[in-house]
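Inspection log for the structure reproduced underneath, given as structure tokens.
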Amino acid sequence: MPGTAAGTGWFGTQLLDQAKSIGFTPNNFSIMPFDGGFNGGSSQVSALEALHGLLMSHMGWDSATAYSHEGFSGMNGKSDASEMFYTADFQTVYDYATSHGLGRFTFWSVNRDRACVGTTDNGVCSNVPQNDWDFTKFSVRFAGATPPQTTPTQPTTTPTTPGGGSCTAAEWDRTKVYVKDDVVKHNSHKFTAKWWTQGEEPGTTGEWGVWVDNGAC
């Protein structure tokens with residue numbers, strides 16, 4: 001839900017009241033305390049504490065239950081409204097979340113969890129000083145795992161085996177969406193998709209190596 005200084009706004013409280021009326025109890029109600037006049041961790045903690053009060057009053061929960069059904073979804077670095085959230089701010093919210101037993105700690109977003117180099121595009125970098133994945137590590141720790149301290153090595157590509165059989169499959173279509181185990185033919189080879197993909201050409205390295213080359217037809 002949107003975050004406000006009061007925890008959440010009119011629409012958020014209507015959602016709580018509707019949930020209460022139909023007996024709906026999700027794992028958590030999360031607010032997004034950014035793009036709403038926030039700056040820094042203290043303002044976010046204040047909003048979360050206000051939401052805690054709303055969960056008790058609107059859902060009829062005691063304090064511990066309200067905390068356990070409360071979630072935080074922040075934004076790392078510079079927000080769309082030019083608010084600033086540094087790793088120290090995430091530490092402030094993380095400490096609050098863990099000490100009060102919140103049910104969720106996440107952020108928007110992993111794909112911009114890096115310092116800006118050669119660009120200030122807010123969609124691909126945070127616009128604050130940081131090392132890669134500094135913000136992600138808070139979510140990993142919250143989940144009870146230990147974040148890796150080194151960059152994982154890329155898996156090696158398994159050599160393809162010739163002899164893919166007859167190519168009765170349809171020709172690969174750049175505009176089509178393929179899912180796991182879909183089979184196509186391309187450049188006289190037969191390929192099988194490992195997962196969801198669109199626009200990644202079979203037989204090329206690509207970003208993720210989604211296609212398994214079953215060999216020449």
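Quick note: numbers below take in every heavy atom, side chains included, and nothing from hydrogens, waters or symmetry partners.
When every heavy atom of N187 is checked against every heavy atom of E171, the shortest pair comes out as N-OE2, 4.3 Å. Of all the heavy atoms in P33 and Q44, the pair that sits closest is O-NE2, 3.0 Å. Nearest heavy-atom pair, M59 versus L16, reported as atom, atom and distance to 0.1 Å: SD-O, 3.4 Å. Minimum heavy-atom separation, D95 to S99: O-OG, 2.8 Å. Of all non-hydrogen atoms in S79 and F34, the two that sit nearest each other are CB-CB, 4.5 Å. Of all non-hydrogen atoms in S139 and T106, the two that sit nearest each other are OG-CA, 3.7 Å.
At a threshold of 4.5 Å between side-chain heavy atoms, the hydrophobic network of Ile, Leu, Val, Met, Phe, Trp and Tyr places F24 and L54 in two separate groups. Connection of V110 to F142 is established within a shared hydrophobic cluster, with ILVMFWY side chains joined at heavy-atom distances below 4.5 Å, either directly or through further cluster members. Under a hydrophobic clustering in which Ile, Leu, Val, Met, Phe, Trp and Tyr are joined whenever their side-chain heavy atoms come within less than 4.5 Å, directly or via other members, L48 and M1 fall into the same cluster. Taken together through direct or relayed side-chain contacts under 4.5 Å among Ile, Leu, Val, Met, Phe, Trp and Tyr, V212 and W196 form parts of separate hydrophobic clusters. When the side chains of ILVMFWY residues are joined at heavy-atom separations under 4.5 Å, either directly or via intervening members, V183 and V210 end up in two distinct hydrophobic clusters.
Atom CH2 of residue W10 and atom OG1 of residue T4 lie 14.0 Å apart, to the nearest 0.5 angstrom. Atoms CZ and CG, from F85 and N39 in turn, are 6.0 Å apart once rounded to the nearest 0.5 Å. Here the CZ-CZ distance, from R112 to R114, works out to 10.0 Å after rounding to the nearest 0.5 Å. How far CH2 of W172 is from CD of E200: 9.0 Å, rounded to the nearest 0.5 Å.
Residues N127 and T120 have side chains that never bring a donor and an acceptor to within less than 3.5 angstrom of each other. Inspection of the H189 and D213 side chains reveals an N or O donor paired with an N or O acceptor under 3.5 Å. Between the side chains of Y96 and Q91, no donor N or O sits under 3.5 Å from an acceptor N or O.
The stretch residues 34-137 participates, sequence neighbours left out, in these disulfide (SG to SG under 2.5 Å) pairs: C116-C125.
Aromatic rings from W211 and Y178 are positioned such that their centres are separated by under 6.0 Å.
Residues forming a side chain to side chain contact (heavy atoms under 4.5 Å, CB included) with S42 (at least two apart in sequence, or on another chain): none. Not counting sequence neighbours, the partners of T175 by the side chain to side chain donor-acceptor pair (under 3.5 Å) test are D173. Annotation: side chain to side chain contact (heavy atoms under 4.5 Å, CB included) contacts of D113 (sequence neighbours excluded): N76, F107, Q130, W133, F135, T136. Here D62 pairs with T65 under the side chain to side chain donor-acceptor pair (under 3.5 Å) rule; sequence neighbours left out. S63 meets the side chain to side chain donor-acceptor pair (under 3.5 Å) test with H52; sequence neighbours excluded.
Taking the side chain as every heavy atom from C-beta outward, E70 and F29 never approach each other to under 4.5 Å. Side-chain contact between P202 and V184 is present, with at least one heavy-atom pair separated by less than 4.5 Å.
H58 pairs with exactly one of T8, L15, T13 by the side chain to side chain contact (heavy atoms under 4.5 Å, CB included) rule, that one being T13.
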Kindly determine whether D181 and T192 satisfy side chain to side chain donor-acceptor pair (under 3.5 Å), including the steps that lead there.
-> CA-CA 6 Å; D181 295 330; T192 303; over 6 Å; no
Stepwise, does the side-chain contact (heavy atoms from CB on, under 4.5 Å) test hold for E83 with K78?
-> CA-CA 6 Å; E83 304 154 335; K78 182 181 178 182; over 6 Å; no
Should Q198 and K176 be marked as a side-chain contact (heavy atoms from CB on, under 4.5 Å) after you check the CA-CA gap, both sets of side-chain angles, and the distance that decides it?
-> CA-CA 6 Å; Q198 182 181 26; K176 184 177 177 179; over 6 Å; no
Go through the steps to decide whether T87 and D134 satisfy the test side chain to side chain donor-acceptor pair (under 3.5 Å), and finish with yes or no.
-> CA-CA 7 Å; T87 53; D134 276 351; 5.5 Å; no
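Counting heavy atoms of neighbouring residues, nucleotides and ligands inside a 6.0 Å radius, atom CG of N111 exceeds 12 of them. Heavy-atom contacts from other residues, nucleotides or ligands closer than 6.0 Å to CH2 of W61 number more than 12.
A tilted orientation is assigned to the rings of F105 and F138, their planes being inclined by 30° to 60°.
In this structure a side-chain-to-backbone donor-acceptor pair under 3.5 Å is missing from T197 to A193. Distance alone, capped at 3.5 Å, is enough to place a donor-acceptor pair between the D35 side chain and the A81 backbone. In this structure, S46 contributes its side chain and S43 its backbone to no donor-acceptor pair below 3.5 Å.
A cation-pi contact, defined as under 6.0 Å to the ring centre and within 45° of the axis, is absent between R104 and F72.
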